[in-house]
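Dropping the structure in here first, questions after.
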There are 2 protein chains.
Amino acid sequence: MQRSGDEVPARVGALLRIVGRVVRFGALLSGTLRCGMALQSCVCKLSKRLCPFGERVCNLQKWASPAGRTCFPYHSDRRLYICNILRQSGEAERMKHKKVTLGEIARVAGVSRATVSLVVRKSPLVADRTRTKVEQVMADLDYVRDIGAARLRNNSSRTIGVIVPNLLNSFFTEFLSGAERVMREDDRVVLLANSHDDTSRQNDILQRFRGHGVDGVILCPAEGTQPELLTRIQGWGLPMVQSLREVGRDLTDYAGADYIEGVRLAVQHLVGQGHHRIAFLSVTARTSAREERRNGFARALAETGAEDAGTVEAELTWDGAAGSAAKVLALPGRPTAVLCFNDILAAGLMLGLRRAGREPGVDIAIVGLDDLPLAQLTYPSLTSVAMLPEQIGALAARLLVRRLVDRAAPIARSIVAPALMIRQSSCKKAD
Amino acid sequence: MQRSGDEVPARVGALLRIVGRVVRFGALLSGTLRCGMALQSCVCKLSKRLCPFGERVCNLQKWASPAGRTCFPYHSDRRLYICNILRQSGEAERMKHKKVTLGEIARVAGVSRATVSLVVRKSPLVADRTRTKVEQVMADLDYVRDIGAARLRNNSSRTIGVIVPNLLNSFFTEFLSGAERVMREDDRVVLLANSHDDTSRQNDILQRFRGHGVDGVILCPAEGTQPELLTRIQGWGLPMVQSLREVGRDLTDYAGADYIEGVRLAVQHLVGQGHHRIAFLSVTARTSAREERRNGFARALAETGAEDAGTVEAELTWDGAAGSAAKVLALPGRPTAVLCFNDILAAGLMLGLRRAGREPGVDIAIVGLDDLPLAQLTYPSLTSVAMLPEQIGALAARLLVRRLVDRAAPIARSIVAPALMIRQSSCKKAD
DNA sequence: GTGAAAGCGCTAACAG
DNA sequence: CTGTTAGCGCTTTCAC
């Protein structure tokens, strides 16, 4: 079955509906279905493209015969195209995965690639009629803009990298959640990596991110990160904000919580409960967060006149903290209260204390920091200071976005104010 | 200060060391430093590039004068280049962020871009001497391969997308952690997004991922996801594995835990503890995970002969679960034990029960599912069934990698075996 | 082994 | 407002 171009109805193009990547024919052309092809295997082909694009057709026979396929023409706004029905799924399959490009949208819509590009980028420079036409075609063909290709031209991948030291700690995953949310609101996408608090992995990740052309990075520096790293990153021209932890001071934008104030709230609360000998359960990993919390502790003690009953260090796990209970109890300062580096340690310590025959919240007061969700679940429930990591993540993301927009902006800090959450573990001092 | 090309020592090139993106000069040329320029601002320029690349220099004077800069030549393996000292940081800055490309490596190493490309991709087709030379230059210039540009040619971005419904639930973040780990081991990078269990956001994310050219997707389908979505994704030619939740059955690769077996373990344990009237605290969100757990519950009851004491539904929060305690206690089936959809609900339920004057683990047995870390912290500690989400994440990643390698591979399932973790909440039945 | 040339899909600059 | 042109940095033939 072959038809000459002359037989084609004048406005056949208008009857074509393109749905997904399969061409559906209008009534006028339904006769072609008699070829015995399933509707789904009807694919318009031109220059190896799926869908109804084609060069100008001069000689239908010439197109129809050599390939041994049944063809028929239709025309779109400006040109007469050839629609070529593929016999077998083999070729159809191969085409199915051929990308729909800007150029094809342009061809179908009868405009230039530049115009389509403008439409895609929502430029005001394009006429409304043109825009809607192009948008219609994009929707019909299921066009997806290739951001990677765009980046090659304009150096904006709309991708940012987030590096956290531990994905099993909900403090960091809440942080991540906030960052992801804001980035998505700003139409960006997050590349995620876990440094496991290892600087060499962190380097590795940074290189990889660089190779992927990220626009910027949110970094919670791994333990032991040197300030040189920051200058190196800046040397790459890679915008960065540090968060939760900070290397150096004011070397980059930074989002975090006011750890010192948080610790002060905790200590004041304990002192208010009548405690005057307070110990600190710290963590082994040396980060700015640790230093701030420790300094805050010393400062708060000085302010309140309470006594430093000593510091114990534990690994950042429940077991580690539980195991440190004995050391805490053996502290020469005979603490009546313990402030913990974070809730994970606090929860572990409470387990360990109970194993050692002491009732946390009764015999000894415990306060955590961070107010992770688990603080509500421990027994007794854990008094803690909320640091709002989800918010910090969001702030970090906003700082980064701001910097992407204006690289020369002055270095900024976003600090969230902590909030004391009083629960049962911070009992009044037993007499 | 100008020198003619003739005055340049024959093997000056050999004395050049390129460190980072700054050129350091060997002793032979140290005289040039007398110009009064800081070493750091010495930048080799050619065609706006940083570092010592240049066209062949025919006429040194011509290069030196018009730009008003001090120049001197050196030669590399094959060609004579010009090294141009920039006066001001203005221009130097602009250049600093100019990318080092394959072509520049090639020019410096004196080979073709194709050869460098082969080296980068570790092809065996390149001579050892050439390889080491090229690698040296890459290290010197701090070359980073642009994966986005590579993808444009070869359609492999080494990027995969992971879509989870909730980043605040550690079940999913542990999952994520496993997936990220495996992907990084395989030298891939993870694009992360949070669907918030919303199908329209999920669509949005998928489009965005598509635009970023991900090689594949790991999907924990949002509540209400239709099987059509899967066929659509497949229609895009986008490899995908489902995980933790499944839409349809065997439509795609799948990694998960054997929820039914997990529930069976829990019920058997409870029955072994003397409980015969068991309730189920379920969740409102309708997902395959919920259905499997419910079905498993029914089946396990049938197997053990225990009695279904009724089901209560709660929102997936502590408050929701705590609030449901009254309903659980009012169940006409008078349960002596409650199996909970997951640990979050179990923990919340225990809080609620205690508020209602019942002692969980004493008056009523509680078992959770998932064995989140928090199970060890509740009081009493929570008996739960470990589903090992970190492992599931890793398995999902491996399934996806496998499919990327062989798209025609048969559809596969990876199911991890759950493990019962007995703790205090699953007391023997009170008499 | 290596080099030259042709794109991948997109956008910036400029000319109409 | 729209079209033309010239690449972005890389890989892939296909010669040599």
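Below, chain A is the first sequence line, B the second, and so on; all start at residue 1. Atoms considered below: every heavy atom in the structure, side chains included; atoms not considered: hydrogens, waters and symmetry mates.
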Worksheet, complete the sentence: Separation of C:dT2 atom P from B:R113 atom CZ, nearest Å, is 16 Å
Worksheet item: Which one, C:dT2, D:dG3, D:dT11, comes nearest to the side chain of A:V111?
Response: D:dG3
Item to complete: Specify the separation, in whole Å, of atom CG of A:L102 and atom P of D:dT4.
Response: 14 Å
Item to complete: Pick base, sugar-phosphate or nothing for B:R145, based on heavy-atom distances below 4.0 Å to the nucleic acid.
Response: sugar-phosphate
Discussion item. Donor-acceptor check, side chain of B:T252 to backbone of B:M240, threshold 3.5 angstrom: yes or no?
Written reply: no
Worksheet item: Whole Å only: how far is the CG atom of A:N155 from the P atom of D:dC8?
Response: 11 Å
Worksheet item: Phosphate oxygens OP1/OP2 of C:dG3: is one of them under 4.0 Å from a side-chain N or O of B:T115?
Response: yes
Worksheet entry | Heavy-atom check, side chain of A:L102 versus side chain of A:V120, under 4.5 Å | yes
Discussion item. Can a donor-acceptor pair be found, under 3.5 Å and without considering hydrogens, that links the side chain of A:R403 to the backbone of A:R407?
Written reply: yes
Worksheet entry | Side-chain heavy atoms of B:P239 within contact of B:L400, under 4.5 Å | yes
Worksheet entry | Interatomic distance, B:L118 CG vs D:dC10 P [rounded to whole Å] | 14 Å
Discussion item. Using the side chain to side chain contact (heavy atoms under 4.5 Å, CB included) definition, which of the options B:L118, B:V119, B:T115 pairs with B:R131?
Written reply: B:V119
Worksheet entry | Between P of D:dG9 and CE of B:M138, the distance in whole Å | 17 Å
Practice prompt. Spell out, as yes or no, whether a donor-acceptor pair under 3.5 Å connects the side chain of B:R121 to the backbone of B:S117.
Written response: yes
Worksheet item: Where along residues 123-132 of chain B does a heavy atom fall under 4.0 Å from DNA chain C?
Response: B:L125, B:V126, B:A127, B:T130
Discussion item. Between B:S112 and C:dG3, is there a contact of a side-chain N or O with OP1 or OP2 at under 4.0 Å?
Written reply: yes
Item to complete: May I have the distance from B:K133 (atom NZ) to C:dG1 (atom P), rounded to whole angstrom?
Response: 14 Å
Discussion item. I'd like to know if the side chain of B:R158 and the backbone of B:D187 have a donor-acceptor N/O pair within less than 3.5 Å.
Written reply: yes
Fill in: Whole-Å gap separating P (C:dT11) and CD1 (A:I105)
13 Å
Worksheet entry | Short N-O contact, B:D142 and A:R232, less than 4.0 angstrom | no
Pull out every protein N or O sitting under 3.5 Å from an N or O of nucleotides 12-16 of chain C, one pair per line with the distance.
unit_1: C:dA12; atom_1: OP2; unit_2: A:R121; atom_2: NH1; d: 2.5
unit_1: C:dA12; atom_1: O4'; unit_2: A:R153; atom_2: NH2; d: 3.4

Discussion item. I'd like to know if A:D186 pairs up with A:R398 as an ion pair, taking the criterion as any Lys NZ or Arg NE/NH1/NH2 lying under 4.0 Å from an Asp or Glu carboxylate oxygen.
Written reply: no
Discussion item. I need the CZ-P distance between B:R151 and D:dT12, as an integer number of Å.
Written reply: 14 Å
